[in-house]
Structure formats: structure tokens, C-alpha cells
Participant: 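A single structure is presented below for examination.
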Amino acid sequence: QVQLVESGGGLVQAGGSLRLSCAASGRTFSSIAMGWFRQAPGKEREFVAAISWTGSNTDYADSVKGRFTISRDNAKNTMYLQMNSLKPEDTAVYYCSADGSYRTVRAGYGIDYWGKGTLVTVSS
């Protein structure tokens, strides 16, 4: 079992920055791939970014490339999402996810573990 807790969400003006954190406990953190997803009001959940257990592989949705950076600190059992140049369309609940397979996290289906989410609101 892996427990995931997100933090760092809040209200920010367009053009601003936020850093989300996802603290993991339970199963050995360094052996799992992780990712961020988001769900805006009235929309389906969508992939944002993924990172392999070593941190050597990362992927991003086209909509956030160049603005968001995913990273992890295996010593602290924590994953991060640095979000810069935020836009109103980035407003959503952001979810942390984890799975033994990077491919699964990247695909967004069948992921074993999810956090409860943290709300990010970007005002125009």
C-alpha cells in the first residue's frame, strides 16, 4: 500500500507560480513511478506529468510543457510539481498518482494509488 498526500495548492494570479508536493508513505518510494493529473470543473481528469522511479524519465502534457517541471526526492519520499506562468485554464484539482509501472502512470489507466487532490485556482 502507498498513501499519497498532496499539498501546495491555492489561489494565484495569472502569470504566477506554485509548487505542489506529494508526500508518500508505505511501500518503498524509490521503486514506484509517479505522476500528476488534474481535473477541471465539468471536465474529465487529464494527464499533466509523469516521472520514473529514478527520475531519469519524465513526460509532460503539451499544455504544460515549458511551464511545469516534475521532480522527486526519494530521500524525502516526496514528488513535486513546479508550476510557472500559470494560466486561468490551469485551474483544477491536481492529483498525485503512483504505480509500479511508468507506462501505466503515463497512460493514466489502471493506476494503483491516488491522492485526494489539492485545488489550484488561477485568477485572470
Side-chain angles (χ1 to χ4, degrees):
Q1 280 289 77
V2 175
Q3 292 78 44
L4 304 173
V5 179
E6 304 95 335
S7 62
L11 174 64
V12 63
Q13 289 189 332
S17 298
L18 280 175
R19 189 176 81 156
L20 305 183
S21 298
C22 174
S25 61
R27 178 179 167 180
T28 304
F29 181 76
S30 62
S31 66
I32 56 175
M34 302 189 72
W36 289 98
F37 290 77
R38 67 186 181 185
Q39 187 167 19
K43 295 187 177 181
E44 293 186 353
R45 185 173 62 197
E46 64 175 1
F47 169 78
V48 175
I51 188 166
S52 63
W53 71 273
T54 63
S56 59
N57 292 328
T58 58
D59 278 299
Y60 296 91
D62 288 342
S63 59
V64 307
K65 278 181 182 177
R67 300 188 298 122
F68 291 10
T69 302
I70 190 171
S71 63
R72 64 192 292 166
D73 185 337
N74 288 347
K76 295 183 178 180
N77 289 356
T78 303
M79 175 180 67
Y80 305 97
L81 185 68
Q82 178 66 43
M83 306 186 294
N84 298 329
S85 302
L86 283 161
K87 305 175 181 179
E89 51 263 44
D90 294 319
T91 295
V93 176
Y94 284 71
Y95 296 92
C96 171
S97 65
D99 195 273
S101 166
Y102 181 77
R103 182 175 297 180
T104 297
V105 173
R106 181 58 186 89
Y109 295 97
I111 294 175
D112 286 338
Y113 306 107
W114 291 92
K116 294 184 178 181
T118 184
L119 176 64
V120 172
T121 303
V122 184
S123 63
S124 56

Participant: Please tell me if the side chains of Leu86 and Leu18 come closer than 4.5 Å, counting only heavy atoms from C-beta onward.
Facilitator: yes

Participant: Starting at OG of Ser21, measure out to NZ of Lys76 and round the result to the nearest 0.5 Å.
Facilitator: 9.5 Å

Participant: Taking the six-membered ring of Trp114, is the NZ or CZ of Arg45 close enough (under 6.0 Å from the centre) and on axis enough (within 45°)?
Facilitator: yes

Participant: Any idea how Tyr94 and Phe68 line up, ring-wise: parallel (<30°), tilted (30 to 60°), or perpendicular (>60°)?
Facilitator: tilted

Participant: Could you tell me if Asn84 and Ser17 have a donor-acceptor pair between their side chains, going purely by distance under 3.5 Å?
Facilitator: yes

Participant: Is it the case that the side chain of Thr91 and the backbone of Thr121 share a donor-acceptor pair, with hydrogens and angles ignored and the cut-off at 3.5 Å?
Facilitator: no

Participant: If hydrophobic clusters are built from ILVMFWY residues whose side chains come within less than 4.5 Å, do Val2 and Phe37 share one?
Facilitator: no

Participant: Determine whether Ile32 and Asp99 make a side-chain contact, defined as any pair of heavy atoms from C-beta on separated by less than 4.5 Å.
Facilitator: no

Participant: Whether the side chain of Gln39 engages the backbone of Val93 through a donor-acceptor N/O pair (distance < 3.5 Å, no angle test) should be reported.
Facilitator: no

Participant: Nearest 0.5 Å, please: how far is CD1 in Ile51 from CZ in Arg72?
Facilitator: 6.0 Å

Participant: When you compare the side chain of Ser71 with that of Gln82, does any pair of heavy atoms fall below 4.5 Å?
Facilitator: no

Participant: To the nearest 0.5 Å, what is the distance between NZ on Lys87 and OG on Ser63?
Facilitator: 8.0 Å

Participant: Measuring from Gln1:CD to Asp112:CG, what's the distance to the nearest 0.5 Å?
Facilitator: 9.0 Å

Participant: Indicate, with yes or no, if Ile111 and Ile70 share a hydrophobic cluster defined by side-chain heavy-atom contacts under 4.5 Å among Ile, Leu, Val, Met, Phe, Trp and Tyr.
Facilitator: no

Participant: How far apart are the closest heavy atoms of Cys96 and Met79, and which atoms are they?
Facilitator: SG-CE, 3.6 Å

Participant: Evaluate Ser123 against Gln13 for side chain to side chain donor-acceptor pair (under 3.5 Å), listing each step before the verdict.
Facilitator: CA-CA 5 Å; Ser123 63; Gln13 289 189 332; 5.0 Å; no

Participant: Could you tell me whether the side chain of Ser97 and the main chain of Gly35 form a donor-acceptor pair under 3.5 Å?
Facilitator: yes

Participant: Side-chain heavy atoms under 4.5 angstrom apart, residues restricted to Ile, Leu, Val, Met, Phe, Trp, Tyr: same cluster for Trp36 and Tyr102?
Facilitator: no

Participant: Under a 4.5 Å cut-off applied to non-hydrogen side-chain atoms, are Met34 and Leu4 in contact?
Facilitator: yes

Participant: According to a 4.5 Å side-chain heavy-atom criterion applied to Ile, Leu, Val, Met, Phe, Trp and Tyr, with indirect links allowed, do Phe47 and Tyr60 form part of one hydrophobic cluster?
Facilitator: no

Participant: Contact between Asp90 and Arg67 at the side-chain level, heavy atoms closer than 4.5 Å - yes or no?
Facilitator: yes

Participant: When you measure from the centre of the six-membered ring of Tyr80, is the NZ or CZ of Arg19 under 6.0 Å away and within 45° of the axis?
Facilitator: yes

Participant: For Arg38, is there an ion pair with Glu46 - N to carboxylate O distance below 4.0 angstrom?
Facilitator: yes

Participant: Taking all non-hydrogen atoms of both residues, which atom of Pro88 and which atom of Ser124 are closest, and how far apart?
Facilitator: CG-CB, 3.9 Å

Participant: Are Tyr95 and Leu81 co-members of a hydrophobic cluster defined by side-chain heavy atoms under 4.5 Å apart?
Facilitator: no

Participant: Less than 4.5 Å apart, side chain to side chain, heavy atoms only: is that true for Leu20 and Thr118?
Facilitator: yes

